[in-house]
8 protein chains.
Amino acid sequence: MNLAHVGIVMGSDSDLPVMAQAASFLERFQIPYEVRILSAHRSPDAALEYARSAAGRGLKVLIAGAGGAAHLAGVLAAVTTLPVIGVPIKTAALGGVDSLYAMVQMPKGIPVATVAIDGAANAAILAAQILAVHDQQLKARLAAYKEELAREVAARDAKLAQLGIEGYLREGKK
Amino acid sequence: MNLAHVGIVMGSDSDLPVMAQAASFLERFQIPYEVRILSAHRSPDAALEYARSAAGRGLKVLIAGAGGAAHLAGVLAAVTTLPVIGVPIKTAALGGVDSLYAMVQMPKGIPVATVAIDGAANAAILAAQILAVHDQQLKARLAAYKEELAREVAARDAKLAQLGIEGYLREGKK
Amino acid sequence: MNLAHVGIVMGSDSDLPVMAQAASFLERFQIPYEVRILSAHRSPDAALEYARSAAGRGLKVLIAGAGGAAHLAGVLAAVTTLPVIGVPIKTAALGGVDSLYAMVQMPKGIPVATVAIDGAANAAILAAQILAVHDQQLKARLAAYKEELAREVAARDAKLAQLGIEGYLREGKK
Amino acid sequence: MNLAHVGIVMGSDSDLPVMAQAASFLERFQIPYEVRILSAHRSPDAALEYARSAAGRGLKVLIAGAGGAAHLAGVLAAVTTLPVIGVPIKTAALGGVDSLYAMVQMPKGIPVATVAIDGAANAAILAAQILAVHDQQLKARLAAYKEELAREVAARDAKLAQLGIEGYLREGKK
Amino acid sequence: MNLAHVGIVMGSDSDLPVMAQAASFLERFQIPYEVRILSAHRSPDAALEYARSAAGRGLKVLIAGAGGAAHLAGVLAAVTTLPVIGVPIKTAALGGVDSLYAMVQMPKGIPVATVAIDGAANAAILAAQILAVHDQQLKARLAAYKEELAREVAARDAKLAQLGIEGYLREGKK
Amino acid sequence: MNLAHVGIVMGSDSDLPVMAQAASFLERFQIPYEVRILSAHRSPDAALEYARSAAGRGLKVLIAGAGGAAHLAGVLAAVTTLPVIGVPIKTAALGGVDSLYAMVQMPKGIPVATVAIDGAANAAILAAQILAVHDQQLKARLAAYKEELAREVAARDAKLAQLGIEGYLREGKK
Amino acid sequence: MNLAHVGIVMGSDSDLPVMAQAASFLERFQIPYEVRILSAHRSPDAALEYARSAAGRGLKVLIAGAGGAAHLAGVLAAVTTLPVIGVPIKTAALGGVDSLYAMVQMPKGIPVATVAIDGAANAAILAAQILAVHDQQLKARLAAYKEELAREVAARDAKLAQLGIEGYLREGKK
Amino acid sequence: MNLAHVGIVMGSDSDLPVMAQAASFLERFQIPYEVRILSAHRSPDAALEYARSAAGRGLKVLIAGAGGAAHLAGVLAAVTTLPVIGVPIKTAALGGVDSLYAMVQMPKGIPVATVAIDGAANAAILAAQILAVHDQQLKARLAAYKEELAREVAARDAKLAQLGIEGYLREGKK
């Protein structure tokens, strides 16, 4: 197996269904990654050790998903100079606005690159964009993905033109 | 000097004007304390070391003040079994709702006893209540303080009865 | 039966499914407790009488759960010097942000140690931490629980390493 | 002096500049009132005693102003069947949304008639409307006030027509 | 039939399941009422005519339920001097915080007595409290209801003491 | 087919069930329209080209629905002088308050006429009102629709008078 | 003077400093307008009469500014089929989120075209865009304004290139 | 001068005082940058052209600051595969929560790496972290900066130990 370039970390296995999208997008972009369950609060030693050793083990970007008082991304960022991407996880009570504030409002000196609530796919794409800064092949894959996004929208637009609103909605229910 | 029973920690010296109220209330209750500037993000090693060694050095309660993505209280709580009281500090952009969410919404297993935004005085009183569980003299001081609060309100009520609304407001402006 | 050290109080029996977690955690830590339904608004005399007599009956910590205009914790705290832990209960309309604000934003002089929305388990752990300030055995139980938390996270992390993301998610659905 | 029909209560003398507007509107409507500083948290006995004895002393409506975890109105309402009007006071950190939620979100059985943040004048007008249900003279005063409001708006509208926007704004700065 | 003393008005029949609770509480207190569907936006003439003629037809209190940009209560209050109680209805998108703000934040001069989101029962109790200002029998019914609330809580508290937490929860599921 | 006067645009086909209401209201008012799926982020060239050419192709009003960081309406408005109506789409995490803020808070110079969250029907009615400024027949249709709204409310009011609350609610469940 | 095409209405003269920007933008686009102070709550008859007669007096678009429980735009829209543009005014307590929700969340059938908080300038531009649907000269003025906006940004960009950040900031302070 | 590696873009020169911090941090890390005023709404062609040509001109990371309906970062991200860092600018009415939501809640496919409200310094540090993925010298500078942060906190902690709270606060006022 390749040495991982991206480390996906989450505070709890309840975050896995969301964070799995990050893994699947990294695979799509052929970026080697590893995925870990490490909690800033329940297993702080393991989490800190992971972040401290990350650069030395060849990791280039970290993605951290956490919910509520979502400290994981910030705690990792405190002990590494690697870019840390934060995914605020939606919460039952507050919809994830707690996770978002706890992640994005970092103090001067220690940034966390925050994406949308439950935005694990975008975290992976952002990681790919970061790695592509020095990787022309990856950059080409990102450009191809961007074109594919546009084509997909155009295909749906064309299908809507063909089927009309009701036809399109009926189709969607099949 | 007494060995400190309460450790007041803050993430930045900009929190000091607020956190100073905690110190002054601890003094009022004759509780030995120490005060430290330790950042979960900028000096994580010092912060963690502080919390890890706290119980061993005789500390019984920690009070942590932080603003924004306020991780300090949670990070301390992750590595000690002492009760950790969190003071969410008011922020310029969001008024401290970010600090509050980042502090209070801790995951199962690692509580932070959160008080009001900028509520450092109450953090000290809560620390006193915790210590008073096994300290009858302190409990008596707390009861006296409670009576004093009631007397103060009663005194203002009496003054209002005497001066009337306008008189009271005029007095306040002197 | 042991004399209760912790009193769990809730404003309505609709809060019981959440507050039951506090009871179950106190049992785990072998802390004797009692549980009561007492409303600050509908049975204020009983609630006040309960708090006023709490210390005299040997209670050391109160845990109060309430939702909406959640006054219970504050009303108890007004008439006792025992530490009062507040559990804001999630509400249908506002997700519990109403309960949280009504509990945590207490005025100077009367703190409520607020935990996360629906965070009854953490309320119990916090009560245990408070009692452990003068109870080495309880402190040891808390330390053991902390280690167990770390072991659980590590076990899930290991399981994820073994099964992979898809395997882990498949497992979870069984 | 008349026996008071309305009791204006506030949790702290810092609420007086706002609550004074309630007094001044009651005077305008010739409604006898009394004004008290009584705290649900710091002087709970006095506050409860006040509400319990209110109806017996001839009071017909209570107005309660409080900020933050604003329990005063709810605590009074818990022990009286008089209508209780709540004025949520603006707070430094959260603008008074905490006071509003803590006041308006009362549980079934114990209403608080909540007006706008810092809306003490409207609390007085509402009290007047309540008293006017059985007082035709007061009803006439309220109708006259309503007409005066309309006249004032019309006068400003006419002045704007006369002076134009710039003239009107210039006038306002004198 | 009795002449109605309370008019329950709602902006849409989708509000009826909530507002029906107001009707049922008024019946309990033996207060004659009428219930109407009148929209501030879709049938403004009917709504205004209703409010303008309300006092003349013997109505003493209006209760208005509305959601979203909930103008109904304010529009009624603009053209009557009767007390108007507002019930902010929960909304799909914003949980009713839109309804609450649109109702409670009335300008000086025109109060709306706002109760909790979906708090139609409390609107009726508040109406009863208002009418009871000059009706000793109704006041006695309200006092009896208050005692019943306390008894209910006490009964649940006793049942919990008897069955224990698990027994109580099992009972609830039957 | 008629040349379209209104262009309904949405960022994703997941918005179609909501935006279909705009189409159905335009049909009701006999306003020719077209409907497109165009994304400000995934197909920016197509979206910009659409808005740039809109006026030239005879379009008079654009309606844009988008959710989350809802930029579509603003991006269209940046490159056309046609009125652009924005429909903030409800989101899973934040209920659509993100969509609303991202749409309505446009900078000086580039307005977006924002309607309620998921308010696609109102977007169509607003488009009709705009077109009716110079179309007396359309204005008459709008007036007729307004009367129909009032009649519908009146019919429900009458039905409620006839069936009573319980009858009405029972009817609704059939 | 020209017959007014746009009516600018505000609930209170305290809104005039903000709403004056709408007037000044309408002048810039050479659109005849009138400006009125009319309150949905304090002078409802005048406000309703204004809106009812607006179309007959030649008005084509209404702009309404209001704060808090901002009902003015919705109340006008209830009785006219003219497009109504709403300007939510910033409030002291809640920053205008109350005004925004009370304006934008209108029920199906009665839209209000809402612009940004304090966005009176954009309300005027939107009114111009609406009128320009059938006025090529006005459309040309709007296109010219759009170009001017771009030129202004470009000029500032060029100035920044020339002066550098510090030079630019120094310049701004002169 | 060096070819710029980072492009700092802002929607308005009113954002310059905040965004200047990004420039000053990039200088500190010896990263060549350029700074531009380009508006997604007022100069969309220039903004789009800038982003489209950015990679070709050697830029590696973009930083975009914008407030309110803050579309700039998303619009740039729509047409480049470079990583785009967003700085939500604080707003007068909503404190920047509008800017934050409009920036961070990007749809799947087009991430914006969002930092704190007004967090321009952190945007620069994040850009440095991204560039350091393939630049050991820059990584060393980041590591040195991290150490400096820790030293600064330690120095303040030491100063506080020496001066005490009052001494420290007095010092700060000089």
Side-chain angles (χ1 to χ4, degrees), chain B residues 5 21 25 55 59-62 77-86 88 96-97 100-101 103-135 138-146 148-150 152-153, chain C residues 5 21 25 55 59-62 77-86 88 96-97 100-101 103-135 138-146 148-150 152-153:
Chain B
H5 288 184
Q21 299 176 48
F25 265 81
L59 286 161
K60 292 172 168 50
V61 180
L62 301 184
V79 297
T80 182
T81 58
L82 295 181
V84 177
I85 300 171
V97 72
L100 173 60
Y101 287 172
M103 228 171 225
V104 81
Q105 288 291 78
M106 290 291 290
K108 196 193 282 193
I110 313 290
V112 165
T114 307
V115 295
I117 298 173
D118 280 357
N122 272 3
I125 297 168
L126 179 58
Q129 291 175 331
I130 290 170
L131 294 172
V133 167
H134 288 88
D135 181 338
L138 182 50
K139 188 165 263 178
R141 269 177 237 129
L142 279 164
Y145 171 65
K146 227 176 177 55
E148 190 190 313
L149 286 176
E152 268 177 28
V153 173
Chain C
H5 287 183
Q21 300 175 48
F25 264 81
L59 286 161
K60 292 172 168 49
V61 180
L62 300 184
V79 297
T80 181
T81 58
L82 294 181
V84 177
I85 301 171
V97 72
L100 173 59
Y101 287 172
M103 229 171 224
V104 80
Q105 288 290 81
M106 290 290 290
K108 196 192 284 194
I110 313 290
V112 166
T114 307
V115 294
I117 297 172
D118 279 356
N122 272 3
I125 298 169
L126 179 57
Q129 291 175 331
I130 291 170
L131 294 173
V133 167
H134 288 88
D135 181 338
L138 183 50
K139 190 165 262 177
R141 267 177 238 130
L142 279 165
Y145 170 65
K146 226 176 177 55
E148 191 190 312
L149 285 177
E152 268 177 28
V153 174

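Numbers restart at 1 for each chain; the letters A, B, ... are given by sequence-line order, proteins then strands.
When heavy atoms are compared at a cutoff of 4.5 Å, C:V115 approaches chain B by way of both its backbone and its side chain. When heavy atoms are compared at a cutoff of 4.5 Å, B:Q21 approaches chain C solely by way of its side chain, counted from C-beta outward. Using a 4.5 Å cut-off between heavy atoms, C:V97 contacts chain B through its side chain alone, with no backbone atom that close. Only the side chain of B:K146 has a heavy atom closer than 4.5 Å to any heavy atom of chain C. Residue contact with chain B, scored on non-hydrogen atoms closer than 4.5 Å, involves the backbone of C:A78 exclusively. Both the backbone and the side chain of B:I110 have a heavy atom closer than 4.5 Å to some heavy atom of chain C. Neither the backbone nor the side chain of B:A123 comes within contact range of chain C, judged by heavy atoms closer than 4.5 Å. Residue C:A77 touches chain B through its backbone alone, counting heavy-atom pairs closer than 4.5 Å.
The candidate with the highest count of non-hydrogen atom pairs below 4.5 Å against chain B, out of C:G86, C:P107, C:P111, C:A116, is C:P111. Interface check for chain C: of the options B:V61, B:V84, B:T80, the most heavy-atom pairs under 4.5 Å are formed by B:T80. Chain C forms more heavy-atom pairs under 4.5 Å with one residue of B:G109, B:A128, B:A121, B:A132 than with any other, namely B:G109. Among the candidates B:M103, B:K108, B:K60, the residue making the largest number of heavy-atom pairs closer than 4.5 Å to chain C is B:K108.
With values rounded to the nearest 0.5 angstrom, C:R141 atom CZ is found 10.5 Å from C:L131 atom CG. To the nearest 0.5 angstrom, C:L100 atom CG is 11.5 Å from C:D118 atom CG. Here the CD atom belonging to C:Q129 is positioned 7.5 Å from the CD1 atom belonging to C:I125, to the nearest 0.5 angstrom. Put simply, CG on C:L126 and CE on B:M106 are 11.5 Å apart, with the number rounded to the nearest 0.5 Å.
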Derivation and outcome, side chain to side chain contact (heavy atoms under 4.5 Å, CB included), residues C:H134 and B:V133: CA-CA 9 Å; C:H134 288 88; B:V133 167; 5.9 Å; no
Full working for side chain to side chain contact (heavy atoms under 4.5 Å, CB included) between B:Y101 and C:I117: CA-CA 10 Å; B:Y101 287 172; C:I117 297 172; over 6 Å; no
Step-by-step side chain to side chain contact (heavy atoms under 4.5 Å, CB included) determination, B:I130 to B:I85: CA-CA 11 Å; B:I130 290 170; B:I85 300 171; 4.2 Å; yes
